[in-house]
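As the structure lists them, so they are numbered: ligands from 1, and atoms in each ligand from 1.
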Amino acid sequence: MSADPKNHPAAPAANFIRNIVEADLAAGKFASRRWGGQPGPAQTHAAAPLDTAKIRTRFPPEPNGYLHYGHAKSICLNFGLARDFGGVCHLRFDDTNPEKEEKEFADSIIDAVRWLGFDWQENLYHASYYFDWMFQFAEYLIESGHAYVDSQSADEIRANRGTPTEAGRNSPYRERSREENLDLFRRMKVGEFPDGSHILRAKIDMASPNFNLRDPAIYRIRHATHHNTGDQWCVYPMYTYAHPIEDALENITHSICTLEFEDQRPFYDWLLERLAEGGLLLRPLPQQIEFSRLNLNHVVLSKRKLIQLVEEKHVAGWDDPRLPTLIGARRRGYTPQGFRLFAERIGVSKSDSWIDMSVLEDCMREDLNERAQRRMAVLDPLKLIIDNYPHGQEEECFAPNHPQQPELGKRAMKFSRELWIEREDFMEVPTKGYFRLFPGNSVRLRYGFVVKCTGSDKDADGKISAVHCEYIPDSKSGGPGADSYKVKGNLHWVSAAHAYAAEVRLYDRLFAAPKPGADERDFLLDLNPNSKQVITAYLEAALQQAQPEECFQFERHGYFVADRIDSRPGVPVFNRTVTLRDSWGKTQA
Ligand code: ATP
Ligand code: MG
């Protein structure tokens, strides 16, 4: 991991999860790892090395989609804890569901976690790797009277579940003998029964106030081909059964998940307790800890909605810079350091809250302000003609690459008779307080000369087509006479003959509404129609050499990145990452 002292505070802010970890380490909780009872299969097969004293966390995505900003919070939390407490964080593909997973997603998850700056070392796992153990553990649950095969239909099971105020009814199959259960379960495994004809359920309590303890399903029949295990299995474990076992087999110490799993925790603990009692797992058992998921304004983070945006072509693909995916963020020019700073800044808690997009944008600005060299770019060009500058003459002006980092040196920019300036930097009739170009007024062309405006040309429609001025030859920035000219305006410019005309994409927030789709409204109605604007801008010549993913501050405009997909050598295309200041409310009102 790259260490970046600024974005990586030496002492990260305390939060309730850190407190738990600190207390566990202080108490030496993991130093005493031992078998829960009689040694069982896990003893010889435990997936992860059994180093004591260390914490182990995990990031367990299902490889059925691209990671988004919410996952970044979870990644920074899990890998960040491991980093800060000298532990290890596993990357685990939760691929227990046979029909869904795709390699394309798994590869992109690997890239995204690495891009964020984290490393799982040798600890890359697949949940499907544990199918044998999961099956053996289920057999143990049957043998010890903690599980049974239910042969009710799905409708009957639903009808007998009860309601929040009313206990459920026991299945008529609940008291099957162990032998019968075991026989049925083994025949389920080899494919003797059709999908849905039987399920394996944990035998807990049909009257529990917690629905998750009303004999939850743990295995279902599914005649499906799994991407990893092929046709070997005709039964697959339920997520709620598989996940705790995955954690335990990997010796995970703190299993951190989002709040919607809070009601699952009693089952998580029940299951692992039963297996540890049977000597199948090590103690101490992993502890599930819930935190509130990231909710961010002006985007959607639900997988279903992201798929819809891509499939219905509201965006250009999974890596569209407006989409809150991590591959989109990367293309947009958001930085890993910015995400880590964001994760640190928003912290973790148990209360559901919404974070404003401007918090994320500010983190990106903060990071880019350090990292990005300055360049000049004119986005809405208007010709400026310096009538007293000789035709065909050119000279160099020198501009610092970074105002706070003089060690980065200066670059040369060509100055000539015709320049591009921003259209908004000229007014024929100035409004009050306007101190840029208007007839009779003088401004400095940044890092160049002081010029005095003499007039303008109009085209047939009455639109300003060029501005005229005269320059003061001894006013050049850095020259001996520079200080004798005091002017208020300081405009950026590029030489028309030398500029690089580039495609620039001005990205803005994908949704105009802070909470897209709130109050049952179709979230697509909240799309921001101006979230992407493609222009041709005039950039200072040096930018033509920009490498893909190189980021810059275009002075007065914001941070821009050379697109990593569409740029060609010598023909970079730029994406606006973020404006210099938060201008959202002002421009949209
Ligand atoms: P699914 O609906 O398919 O489960 P998911 O977004 O939860 O979608 P997973 O691949 O299961 O996707 O997520 C991996 C991990 O990322 C989980 O541990 C989950 O808790 C965490 N995670 C997902 N969304 C967020 C979010 N908005 N904020 C924080 N963590 C999240
Ligand atoms: Mg999930």
S.K.: Check the orientation of H90 and Y125. Use parallel for under 30°, tilted for 30 to 60°, and perpendicular for over 60°.
M.R.: tilted
S.K.: Can you sort out which atoms of ligand 1 are near S74, meaning under 4.0 Å from one of its heavy atoms?
M.R.: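 Under 4.0 Å from S74, ligand 1 has these atoms: 16 (O), 21 (C), 30 (N).
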S.K.: For the residue pair K54 and F30, would you count it as a cation-pi contact if the rule is NZ or CZ under 6.0 angstrom from the ring centre and within 45 degrees of the ring axis?
M.R.: no
S.K.: Can you tell which of L271, I142, L281 makes a side-chain contact (heavy atoms from CB on, under 4.5 Å) with F137?
M.R.: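 Going through L271, I142, L281 one by one, the side-chain contact (heavy atoms from CB on, under 4.5 Å) with F137 is satisfied by L281 alone.
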S.K.: Which atoms of ligand 1 sit under 4.0 Å from any heavy atom of K303?
M.R.: 1 (P), 3 (O), 5 (P), 8 (O), 9 (P), 10 (O), 12 (O)
S.K.: Work out which heavy atom in A106 is nearest to a heavy atom in F93; give both atom names and the distance.
M.R.: O-CZ, 3.6 Å
S.K.: For side chain to side chain contact (heavy atoms under 4.5 Å, CB included), just list the numbers for E62 and D95, CA-CA rounded to whole Å, side-chain angles, deciding distance to a tenth of an Å, and then say yes or no.
M.R.: CA-CA 6 Å; E62 189 177 343; D95 59 352; over 6 Å; no
S.K.: If the cut-off is 4.0 Å to any non-hydrogen atom of T258, which atoms of ligand 1 fall inside it?
M.R.: 20 (O), 29 (C), 30 (N), 31 (C)
S.K.: Any chance you could lay out the salt bridge (charged side-chain N to carboxylate O under 4.0 Å, His left out) test for R92 and D247, step after step, and finish with the verdict?
M.R.: CA-CA 10 Å; R92 180 201 305 149; D247 285 343; 2.8 Å; yes
S.K.: Can you find a side-chain donor-acceptor pair between D356 and S358 that sits under 3.5 Å?
M.R.: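 D356 vs S358: donor-acceptor pair found between side chains.
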S.K.: Below 4.0 Å from ligand 1: does a non-hydrogen atom of R304 turn up there or not?
M.R.: no
S.K.: Nearest heavy atom to atom 29 (C) of ligand 1: which of A72, G70, P324, S302 does it belong to?
M.R.: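 Looking at heavy atoms only, G70 sits closest to atom 29 (C) of ligand 1.
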S.K.: Among H71, K73, E260, which one has a heavy atom closest to atom 6 (O) of ligand 1?
M.R.: H71
S.K.: Give the contacting part of R293 toward ligand 1: side chain, backbone, both or neither, where contact means a heavy-atom distance below 4.0 Å.
M.R.: both
S.K.: Show which atoms of ligand 1 fall inside a sub-4.0 Å distance from at least one heavy-atom site of P60.
M.R.: 14 (C), 18 (O)
S.K.: Does ligand 1 have a heavy atom under 4.0 Å from the side chain of F59, from its backbone, from both, or from neither?
M.R.: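 F59 to ligand 1: side-chain contact only, backbone stays beyond 4.0 Å.
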S.K.: Among Y219, F193, Y148, which residue satisfies the ring-ring contact (aromatic ring centres under 6.0 Å, His included) criterion with F185?
M.R.: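 Exactly one candidate clears the test, Y219.
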S.K.: Atoms of ligand 1 less than 4.0 Å from E62 heavy atoms?
M.R.: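 Near E62, meaning under 4.0 Å from one of its heavy atoms, ligand 1 has 9 (P), 10 (O).
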S.K.: Give the single entry among I109, L294, N97 that approaches atom 28 (N) of ligand 1 most closely by any heavy atom.
M.R.: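 Considering heavy atoms of I109, L294, N97, the nearest to atom 28 (N) of ligand 1 sits in L294.
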